[in-house]
Amino acid sequence: MNNEAKIAYFSMEIGISNDIPTYSGGLGILAGDTIKSCADLKIPLVAVTLISKKGYFRQDIDNNGNQIEYPIDWDPSKLMVRSSKKILVKIEERDVYIQTWCYKVRSVTGGGVDVLYLDTDVEENTKEDREITAHLYGGDDCYRLKQEIVLGIGGVRALHALGFHIKKYHMNEGHASLLTLELLLMHKRDVESVWDEQWIWDVDTVKDLCVFTTHTPIDAGHDRFSYDLVKKVLGAVIPMEQLKKLGGDNHLNMTRLALNLSNYVNGVAKKHGEVSKTLFPGYEINAITNGVHSFTWTCENMKQLYDKYIPGWANEPELFVRSEIIPDGELWEAHLQAKNDLASYVKKASGTEISGSALTIGFARRFTSYKRADLIFSNLERLLKISEKGQFQILYAGKAHPKDTPGKDIIKRIIDLSKNISNKINIVFLKDYNAEMALKLVSGVDVWLNTPLRPREASGTSGMKAAHNGVINFSILDGWWIEGHIEGVTGWSIGPKPLESSLTNTNDMIDAEDLYNKLENTIVPMYYHDRNQWIKIMKNSIGKVAYYFNSHRMMRRYVTEAYIR
Ligand SMILES: *Cc1c(COP(=O)(O)O)cnc(C)c1O
């Protein structure tokens, strides 16, 4: 093995390929895009995650619109190589063995990145322990803490056992923060020379090794565990007093632990960096806005067009600055083909016919309340009126976490509505959202809708995927869109500007009202009567949005701002 010192990138979920169902949403897809860009750009990185052998879940929807969850049984041995080395961690004072699967991501540039998937499903373990790496985000707090021990502590041990030489540890969200404890133990000072118990912990050395990216803009979203649970499950790997100093007095807060032990911390969009600073005063929090992997998130028809007019775009997305050079007619033609591909996909997946020419709006992401998937239905009468001025159809997809009842209720509401108004507006909910479906949707609709509750959308990335395909964003000014949006030039906003005052009193009705006004007075008329202007905005989506919001740019910034310092 080439023993160049690497960045170790830790993520609870990684969405790298549709065949490896170890992701639930944007966090995992971002991790996958990060890895692909590192492979393309030959950034020395190795990734660590859990095998999640039952996946997140497969989603079915019954006749009443209820979500039903099934485990996904997939076989890593078809795609990955298992290492014969097993490593050990202690959980509830038991020895738990972990084996590692290695998946190699190779780039056409000749670069490559190893992804290590940790797996406790080995003979030596008890039946219960074999399940630790079965369900992504499954189970209770105790189950989660066990997973985080495997990821954080087991992950560091696996890297060393396999001979990797690590120069930085990058925690993608707080789930991997326990790795800092393993590093503290590794860098413990020589006990002989101790005059103070504190002094044996070399916090500064560990901080120099760690980079932390936070993804959650609200306090309740951060993993925290009671110290009773920590004592029982993790044990006193470092003295409790010391752990409380690093992880918080009342609970072990994984975000705080990572913040206290990382010299570089960032949020995932400029606004999110600011919001994080107010959540965690006293910490220096930077911002590196997310991006998506251009080659992965561009559909076949657009790829051909870019290859013809912007050769080299995939490994140098800055070249999208030349999007003007694409002839209007050819861009529209490629888009129409993508739209037709989507129509056949929808027909196959759901049995429903959709129009190949009507204005098509797409909304797909995790179904959780703050994403407000049903905001567009706030005033049904108004929405139906708008549809009389110009036909449109809406495509939906997304999973709700098995324990997220409000999220599931939104799915049900949309499915109920789709039945009630199907003679006026065609609404299709596609079940079992995944990365493959995501590409079909973000490339085959005309408008990509996002209506999160501010400031909850740390970044969001699906709109960046849409832009890579000339699909126009129509979104709340939150997360990345605050940076990408120029009204009427790169797309359209929904609701007020993201001023401090508007963050605390968001009003669904004000947002919905603005959505209706723009849909009625700008979007529908432009789509049907001013194709030239529409295509201009499509080109700006490529030339101004995809140009910047890609993971090549993002990773170059992680290298210069976080990894080399
Ligand atoms: C990109 C992507 C997401 C993230 O969508 P957001 O709108 O940014 O939340 C979620 N799930 C899948 C499958 C994706 O491809």
Side-chain angles (χ1 to χ4, degrees), residues 10-13 24-28 49-50 89-92 132-133 135-156 169-184 203 206-207 210-262 265-268 272 275-283 285 366 368-370 401-407 455-456 458:
F10 281 67
S11 185
M12 183 77 126
E13 50 171 309
S24 89
L27 182 73
T49 188
L50 302 183
V89 292
K90 279 256 187 249
I91 292 177
E92 290 171 343
I132 295 174
T133 54
H135 296 276
L136 178 64
Y137 304 132
D140 55 7
D141 271 9
C142 179
Y143 186 75
R144 177 71 70 89
L145 181 56
K146 289 176 181 173
Q147 290 191 324
E148 296 192 4
I149 293 171
V150 171
L151 178 65
I153 296 176
V156 174
Y169 292 83
H170 185 173
M171 292 168 266
N172 186 43
E173 191 52 303
H175 307 120
S177 312
L178 293 178
L179 73 82
T180 59
L181 303 185
E182 179 69 5
L183 294 180
L184 280 173
V203 169
V206 173
K207 282 180 78 164
C210 292
V211 169
F212 173 49
T213 302
T214 171
H215 290 262
T216 313
I218 56 149
D219 196 40
H222 300 266
D223 266 357
R224 64 190 78 208
F225 301 105
S226 80
Y227 281 110
D228 284 343
L229 186 71
V230 171
K231 260 183 226 156
K232 180 176 147 258
V233 179
L234 176 66
V237 284
I238 71 168
M240 273 298 157
E241 261 167 88
Q242 183 65 20
L243 185 59
K244 286 185 181 177
K245 282 206 184 98
L246 296 168
D249 285 334
N250 303 321
H251 296 268
L252 175 57
N253 180 324
M254 301 302 273
T255 300
R256 223 165 251 289
L257 183 63
L259 284 170
N260 282 328
L261 286 160
S262 301
V265 177
N266 72 291
V268 289
H272 177 235
V275 171
S276 301
K277 273 186 211 163
T278 58
L279 266 184
F280 295 102
Y283 294 94
I285 301 183
R366 290 183 301 117
T368 176
S369 304
Y370 87 81
H401 185 277
K403 290 188 178 150
D404 183 358
T405 310
R456 296 285 305 268

Residues pairing under salt bridge (Lys or Arg N to Asp or Glu O under 4.0 Å) where one sits in residues 247-260, two or more places apart or in two chains, turn out to be none

So salt bridge (Lys or Arg N to Asp or Glu O under 4.0 Å) across residues 217-231, not counting sequence neighbours, yields R144-D223, D219-R224

Spacing of [X] atom [atom1] and [Y] atom [atom2] [to the nearest 0.5 Å]:
X: F212; Y: E173; atom1: CZ; atom2: CD; result: 5.5 Å
X: Y283; Y: S276; atom1: OH; atom2: OG; result: 13.0 Å
X: T255; Y: L279; atom1: OG1; atom2: CG; result: 9.0 Å
X: L184; Y: K207; atom1: CG; atom2: NZ; result: 11.5 Å
X: S177; Y: L252; atom1: OG; atom2: CG; result: 8.0 Å
X: K245; Y: M240; atom1: NZ; atom2: CE; result: 13.5 Å

Quick one, [X] and [Y] - any side-chain contact, counting heavy atoms below 4.5 Å?
X: T180; Y: Y169; value: no
X: I153; Y: E148; value: no
X: I238; Y: L246; value: yes
X: V203; Y: N260; value: no
X: I132; Y: I91; value: yes
X: K146; Y: E92; value: yes
X: L257; Y: L178; value: yes
X: S226; Y: D141; value: no

Apply side-chain contact (heavy atoms from CB on, under 4.5 Å) to S24 and R366, showing your working.
CA-CA 8 Å; S24 89; R366 290 183 301 117; 3.9 Å; yes

How far apart are the closest heavy atoms of [X] and [Y], and which atoms are they?
X: G267; Y: H272; result: CA-ND1, 3.3 Å
X: V230; Y: F225; result: CG2-CB, 3.9 Å
X: S369; Y: D404; result: N-OD2, 4.4 Å
X: V275; Y: P217; result: CG1-O, 3.6 Å
X: A176; Y: F10; result: CB-CB, 3.6 Å

Check whether S11 reaches the backbone of T49 with its side chain - one donor and one acceptor, N or O, closer than 3.5 Å. no

Using modelled atom types only, decide if a donor and an acceptor are shared between the side chain of E182 and the backbone of G152 within a distance under 3.5 Å.
-> no

Those residues that, when tested against [X], pass ring pair (Phe, Tyr, Trp, His ring centres under 6.0 Å) (two or more places apart):
X: H251; answer: none
X: H175; answer: Y137
X: F280; answer: H222

Can L136 and L50 be said to form a side-chain contact (heavy atoms from CB on, under 4.5 Å), step by step? CA-CA 8 Å; L136 178 64; L50 302 183; over 6 Å; no

Carefully, step by step, assess Q147 and T133 under the rule side-chain contact (heavy atoms from CB on, under 4.5 Å).
-> CA-CA 7 Å; Q147 290 191 324; T133 54; 5.7 Å; no

Go through it in stages, so that I can follow the logic: the residues are T368 and H401, the test is side-chain contact (heavy atoms from CB on, under 4.5 Å), and I'd like the CA-CA distance, side-chain angles, deciding distance and then a yes or no. CA-CA 8 Å; T368 176; H401 185 277; over 6 Å; no

K403 meets the salt bridge (Lys or Arg N to Asp or Glu O under 4.0 Å) criterion, sequence neighbours left out, with none

Quiz item: With distance as the sole criterion, is a donor-acceptor pair present between the side chains of T213 and N172 under 3.5 Å?
Solution: no

